[in-house]
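Bear in mind that the values here come from a model prediction, so they are computed numbers and not experimental data. In what follows, every heavy atom counts, from backbone to side chain, and hydrogens, waters and symmetry copies are set aside. So that the names make sense, note that chain A is the first sequence line, chain B the second, and so on, each numbered from 1.
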Amino acid sequence: MQKNSIDTKDLSLIVTPLLSWYDQHARILPWRENPLPYHVWVSEIMLQQTRVETVKPYFDRWIESLPTLATLAHAPEEQVLKLWEGLGYYNRARNMQKAAKMILDTYGGEVPASYDALLTLPGIGEYTAGAVASIAFGLPVPCVDGNVLRVLTRILTDQREIDQTSVKKYFTEEIRLIIPRERPGDFNQALMELGATVCMPNGLPKCELCPLHFMCKACLQDRVMEFPVKAKKKPRKKEYKTIFLILKEEKIAIRRREESGLLANLWEFPGTAGFLTLKEAKDQLNSWGLLAETIEELNPAKHIFTHIEWHMTGYLCKVTEFEEQNHDFEWVSKKDLTDHFAIPSAYKAFYMQLLSILK
DNA sequence: AAGTCGGGGTC
DNA sequence: GACCCAGACTT
């Protein structure tokens with residue numbers, strides 16, 4: 001038996017107090033109002049690496065626009081991405097639409113009530129398969145996310161790095177042994193809810209409010225901030241860009257990003273690598289077949305991704321086109337831009353400057 | 001197992 | 001600044 005493990009009989013002691021706590025403290029959340037499998041699925045995809053408070057308005061708009069799995073499957077991808085605009089990890093939205101089509105084709109339009117079947121769908125990994133299976137269908141399967149790992153490593157003072165697959169696997173099996181057959185979905189949600197609202201990810205946890213503090217080794221030893229142990233992260237790479245807000249007769253230039261990589265296939269304002277001087281910026285416009293009638297500097301901006309930093313300068317340009325080029329600009333009105341094209345938040349600072357200029 | 005993929009809240 | 005969030009997928 002491993003050093004840090006307590007036996008299953010002990011860990012099973014969390015079940016009753018946890019469910020009882022959840023009965024009193026479960027938050028009222030949009031996806032809990034009418035927990036249809038489609039609703040549970042959409043919420044779990046949106047919640048991947050994303051806070052509850054961030055997801056709420058996105059979930060409401062999504063269900064309003066795409067109320068059923070079939071409407072999602074048949075929706076234009078542009079609409080799906082527009083509904084996802086600003087939420088990040090955009091493959092989640094594309095994969096969800098792919099999965100919706102697969103469910104229509106191979107499961108008769110019903111979200112499959114099987115952990116293994118769910119796991120075959122794009123965008124659904126071990127966590128999400130377990131979450132949907134237990135919450136939407138009442139199947140007794142674990143779902144182990146960052147919240148669960150934090151709660152359990154604290155209860156057990158487990159010092160292993162939670163980034164390791166073996167550790168996640170270990171806790172998944174521990175949960176499988178104790179998950180109550182009567183209320184698996186509530187149990188999984190209770191564990192996550194406790195992690196989100198009491199056994200918090202940042203700052204001091206509210207141990208005095210925790211229904212498990214009586215058996216939490218970290219709390220009893222006053223060592224809660226030592227857990228969970230996580231691997232160190234690599235420093236971010238810095239990239240420098242120049243962004244162009246180009247206006248031609250009340251229209252704005254945007255273009256589609258590459259089909260793979262960062263922000264794949266989304267729309268952006270034209271840009272180039274490096275910080276361009278005013279003269280270099282004019283030359284760049286010329287190379288696009290555009291002549292600057294006016295050009296002025298915009299406020300610089302920075303955007304932090306998980307592994308990259310974008311440092312951006314920008315120019316506002318009013319142009320005429322002196323030569324038809326085969327560049328891939330799309331010239332759109334302000335209304336089309338705001339209504340139909342998904343621009344990632346990395347461009348938000350320039351997007352805001354543009355909207356205030358066009359106001 | 002390590003890298004990639006977003007964005008924002010919180011300390 | 002640094003960390004982390006109801007992770008999945010590719011290499």
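- Ranked by how close their nearest DNA chain B nucleotide is to the 5' end, A:Ser166 and A:Gly88 are led by A:Ser166.
- Taking atom P in both C:dA8 and B:dG9, one finds a spacing of 23 Å when rounded to whole Å.
- For A:Tyr347 and A:Trp267, the distance between ring centers is not under 6.0 angstrom.
- Judged by distance alone, the side chains of A:Gln284 and A:Tyr315 never bring a donor and an acceptor atom under 3.5 Å apart.
- Where A:Gln164 and A:Lys237 meet DNA chain B, the nucleotide closest to each residue was compared, and A:Gln164 sits on the side nearer the 5' end.
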Original post:
Along nucleotides 2-11 of chain C, 5' to 3', which nucleotides get a B, which get an S, and which get a -, given that the test is a protein heavy-atom distance under 4.0 Å?
Top reply: --BBBBSS--
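- Heavy-atom contacts from other residues, nucleotides or ligands closer than 6.0 Å to CD of A:Glu250 number 12 or fewer.
- Rounded to a whole angstrom, the distance from the P atom of B:dG6 to that of C:dT11 is 15 Å.
- A centroid separation of less than 6.0 Å is found between the aromatic rings of A:Phe305 and A:His303.
- Nucleotides of DNA chain B lying under 4.0 Å from heavy atoms of chain A occupy a range whose first and last members, 5' to 3', are B:dA1 to B:dT10.
- The separation of C:dC5 from B:dC5, taken at their C1' atoms, amounts to 15 Å, rounded to a whole angstrom.
- Within residues 67-79 of chain A, no residue is approached by DNA chain C to less than 4.0 Å at the level of any non-hydrogen atom.
- Comparing B:dG8 with C:dC9, their P atoms sit 24 Å apart, to the nearest whole Å.
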Enumerate donor-acceptor pairs with a distance under 3.5 Å from any side-chain N or O in residues 270-282 of chain A to protein atoms, sequence neighbours excluded.
{"residue": "A:Thr277", "atom": "OG1", "partner": "A:Glu280", "partner atom": "N", "Å": "3.1"}
{"residue": "A:Thr277", "atom": "OG1", "partner": "A:Glu280", "partner atom": "OE1", "Å": "3.3"}
{"residue": "A:Lys279", "atom": "NZ", "partner": "A:Asp283", "partner atom": "OD2", "Å": "3.2"}
{"residue": "A:Glu280", "atom": "OE1", "partner": "A:Thr277", "partner atom": "N", "Å": "2.8"}

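- One side chain, A:Gln48 or A:Thr128, offers a donor N or O that lies under 3.5 Å from an acceptor on the other.
- Listed by chain and residue number, A:His25 satisfy the ring-ring contact (aromatic ring centres under 6.0 Å, His included) test with A:Trp21 (two or more places apart in sequence, or in another chain).
- Aromatic pair A:Tyr58/A:Trp84: ring centres not closer than 6.0 Å.
- Under the salt bridge (charged side-chain N to carboxylate O under 4.0 Å, His left out) test applied with A:Glu268, the options A:Lys241, A:Lys348, A:Arg257 reduce to a single match, A:Arg257.
- Applying the side-chain contact (heavy atoms from CB on, under 4.5 Å) criterion to A:Arg236, with sequence neighbours excluded, gives A:Ile304, A:Glu309.
- Judged by distance alone, the side chain of A:Arg181 and the main-chain N or O of A:Pro140 form no donor-acceptor pair under 3.5 Å.
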